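Since we're looking at a predicted model, the values are computed, not measured.
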Amino acid sequence: MTELAQTKGITPSQLALAWLLAQDQHLIPLFGTKRRKYLQDNIQAAEVNLSAEELAAIDKVFPADKVAGSRYAVNMMSLLPQVPAHK
């Protein structure tokens with residue numbers, strides 16, 4: 001994906017955000033950043049247009065059924081406070 005980002009003149013992070021934005025018009029990614037420059041980079045990702053071929057190439061590298069999983073590793077989950085499930 002780094003090569004695709006480079007050919008488009010963007011960062012891999014911008015490519016990831018552009019891909020996410022291309023998934024659904026009602027999807028709004030929430031991103032965190034420590035620096036104003038990175039905030040600007042993230043905002044500019046909204047202006048990146050990905051072709052159908054580029055989207056397909058990304059989906060081929062990262063198929064949805066292969067990249068899903070827990071937010072944290074199993075050993076780290078035990079460190080989180082236990083919150084009762086909502087009923």
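Under the 4.5 Å side-chain contact rule for hydrophobic residues, Leu50 and Leu17 do not share a cluster. Under the 4.5 Å side-chain heavy-atom criterion for ILVMFWY residues, no single connected hydrophobic cluster contains both Tyr38 and Phe31. Note: the hydrophobic cluster containing Ile10 also contains Leu20 (ILVMFWY, side chain heavy atoms under 4.5 Å, direct or indirect links). Taken together through direct or relayed side-chain contacts under 4.5 Å among Ile, Leu, Val, Met, Phe, Trp and Tyr, Leu15 and Ile28 form parts of separate hydrophobic clusters. Cluster annotation: Leu79 and Met77 are assigned to the same hydrophobic cluster (Ile/Leu/Val/Met/Phe/Trp/Tyr, side-chain heavy-atom contacts under 4.5 Å, transitive).
Residues Ala18 and Ala45 come closest through the heavy atom pair CB-O, 3.8 Å. Met76 and Tyr72 get closest at one heavy-atom pair: CB-CB, 4.2 Å. Ala57 and Met1 get closest at one heavy-atom pair: O-CE, 4.5 Å. Residues Leu21 and Leu27 approach most closely at CD2-O, 4.2 Å, considering heavy atoms.
Side-chain contact between Lys8 and Glu54 is present, with at least one heavy-atom pair separated by less than 4.5 Å.
Side-chain N or O atoms of Gln40 include none that pairs as donor or acceptor with a backbone N or O of Arg36 at under 3.5 Å. Checked by atom type and distance alone, the side chain of Gln14 never pairs as donor or acceptor with a backbone atom of Gln44 at under 3.5 Å.
Interatomic distance, Ile58 CD1 to Glu53 CD, rounded to the nearest 0.5 Å: 12.0 Å.
More than 12 heavy atoms of other residues, nucleotides or ligands lie within 6.0 Å of CG in Asp24, so this atom counts as buried by the packing criterion.
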### Task
Evaluate the side chain to side chain contact (heavy atoms under 4.5 Å, CB included) criterion for residues Trp19 and Val48: first the C-alpha distance (whole Å), next the side-chain angles of each, then the deciding distance (0.1 Å), finally the verdict.
CA-CA 9 Å; Trp19 173 86; Val48 174; over 6 Å; no
